[in-house]
Structure formats: structure tokens, C-alpha cells
**Student:** 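Before I ask anything, here is the structure I am working with.
Residues: numbered from 1 along the sequence shown. Computed over heavy atoms, backbone and side chain alike; hydrogens, waters and symmetry mates excluded.
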Amino acid sequence: MSMAGLSLALSFCLIFLFAISEASRCSIIGLPLVRNISELPQDNYGRGGFSHITVAGSLLHGLKEVEVWLQTFSPGSRTPIHRHSCEEVFVVLKGTGTLYLAPSSHEKYPGTPKEFPIYSNSTFLIPVNDAHQVWNTNEHEDLQMLAIISRPPAKVFIYDDWFMPHTAARLKFPYYWDEQCFEAPVKDEL
């Protein structure tokens, strides 16, 4: 085989392997029942000081009712102010921080949030559509949590501040970690 033919064959094999690896990332076929969390895809999605791993998800793993995330926040990092139409439960694995929750979120805007200290071995839940934000307020240690949501994938509404009207909140769907595997449903109407 000529050098050009060998190069072409090698290029084809690399493209084929890349296509298979991209497709398999979003496929549950052949997914082992027991997985090592440290081998799962991890990304910061453009947010410095943040790390997200989908431990068990709807789009990545075929779950229908719940999704589980492992999220780590470096000192000073935080989530955006946001809400979603699903329940969310957090389990704090390590570190400390502050939960900001606007329990009157069902008015025209979230309003002044209540502050709750969060700490290792604590848990908290976020009711459906209550605007919230989590901050790592510890200057010396990462905040690491498991987050469990219902009804995935989540439609997230993001706010610039606590007094931004709900009608002005920006919908982010699919959310950053669901973008690669999201497929718009096929419309069945005429």
C-alpha cells in the first residue's frame, strides 16, 4: 500500500472511531451497570471554579424520572440565580456554603431570598419553581454536593438578579450538560 493510501486509510479509521465515540457517549447500549465516577465525563461548562458530572441522567443514561449530578464549587463560586419546574434535592458531601432561596418565587419576580447555611452531611430540597442560588462561601475548601432532580431534562430559567421579572428570565434548554445528547422530539402533527 502506498504512503498516500495508508494515510487515507488511517484518516478514515480515525474519523470512524471518533464518530462511534461521539455516538456512544449518548447511548446506553453497552453501558456497564457499575461505573467509576472518576471515569465519567466532567466539565465546567465555561464557569470557572465549577465542575459537573452527570452520575445518572436521562439523556446520557436513559433515566425517565430522576437525574443525579455531582457538582463541585471552588471557594467563591456559585450557581446563577435560577428556577426550574422540577423538584431538586441536594446532599452536601463536603464543605460549607450558603443556599439562597426565594420562597415567594410565585409572585411577579423572585424577591428577597432567605439565606440558609449548608454544611457537610446536610441536605436540603428546592420546591418546584422556587428561585434559588448556591454559593461556596468558604474561602479555604471546595463545596461538593450531589444534586437529584425529578422530571429530567431540566428546563432552567436564569435571572440577572432577585428582582428580575419572571417574564424576563432566560430559558436555557437544553441545559449545558444536556446539549450534546439532546434530540428535539419529532413533531407528529401536519
**Student:** Hey, are the side chains of Asn121 and Lys94 touching, using non-hydrogen atoms and a 4.5 Å cut-off?
**Tutor:**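 Asn121 vs Lys94: side chains apart.
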**Student:** Do the side chains of Val156 and Leu171 get nearer than 4.5 Å, heavy atoms only?
**Tutor:**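 In short, these two side chains do not touch, never coming nearer than 4.5 Å.
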**Student:** Is Lys172 salt-bridged to Glu179, going by a charged N under 4.0 Å from an acidic O?
**Tutor:**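 Yes, charged N to carboxylate O under 4.0 Å.
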**Student:** Does any non-hydrogen side-chain atom of Glu115 lie less than 4.5 Å from one of Trp135?
**Tutor:** no
**Student:** Hey, does Trp69 have a side-chain heavy atom less than 4.5 Å from the side chain of Ile53?
**Tutor:** no
**Student:** Would you say that His84 contacts Lys155 through its side chain, given a criterion of any heavy-atom pair below 4.5 Å between the two side chains?
**Tutor:**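 Answer no - side chains too far apart.
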**Student:** Hey, is the main chain of Leu93 close enough, under 3.5 Å, to the side chain of Ser120 for a donor-acceptor pair?
**Tutor:** yes
**Student:** Quick one: list whatever passes ring-ring contact (aromatic ring centres under 6.0 Å, His included) with Phe173, sequence neighbours left out.
**Tutor:** Phe182
**Student:** Report yes if some heavy atom in the side chain of Arg78 is under 4.5 Å from a heavy atom in the side chain of Phe50; otherwise report no.
**Tutor:** no
**Student:** Compute whether any side-chain donor of one residue and acceptor of the other, for His61 and Glu67, lie under 3.5 angstrom apart.
**Tutor:**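 Distance-only check fails for His61 and Glu67.
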**Student:** Under 4.5 Å between any side-chain heavy atoms of Leu143 and Thr72, yes or no?
**Tutor:** no
**Student:** What I'd like to find out is whether the side chain of Arg151 reaches to under 4.5 Å of the side chain of Ser85, using heavy atoms alone.
**Tutor:** yes
**Student:** When you check the side-chain N and O atoms of Tyr159 and Arg83, is any donor under 3.5 Å from an acceptor?
**Tutor:**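 Yes.
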**Student:** Tell me whether Phe163 is reachable from Phe157 by hopping between hydrophobic residues (I, L, V, M, F, W, Y) whose side-chain heavy atoms are closer than 4.5 Å.
**Tutor:** yes
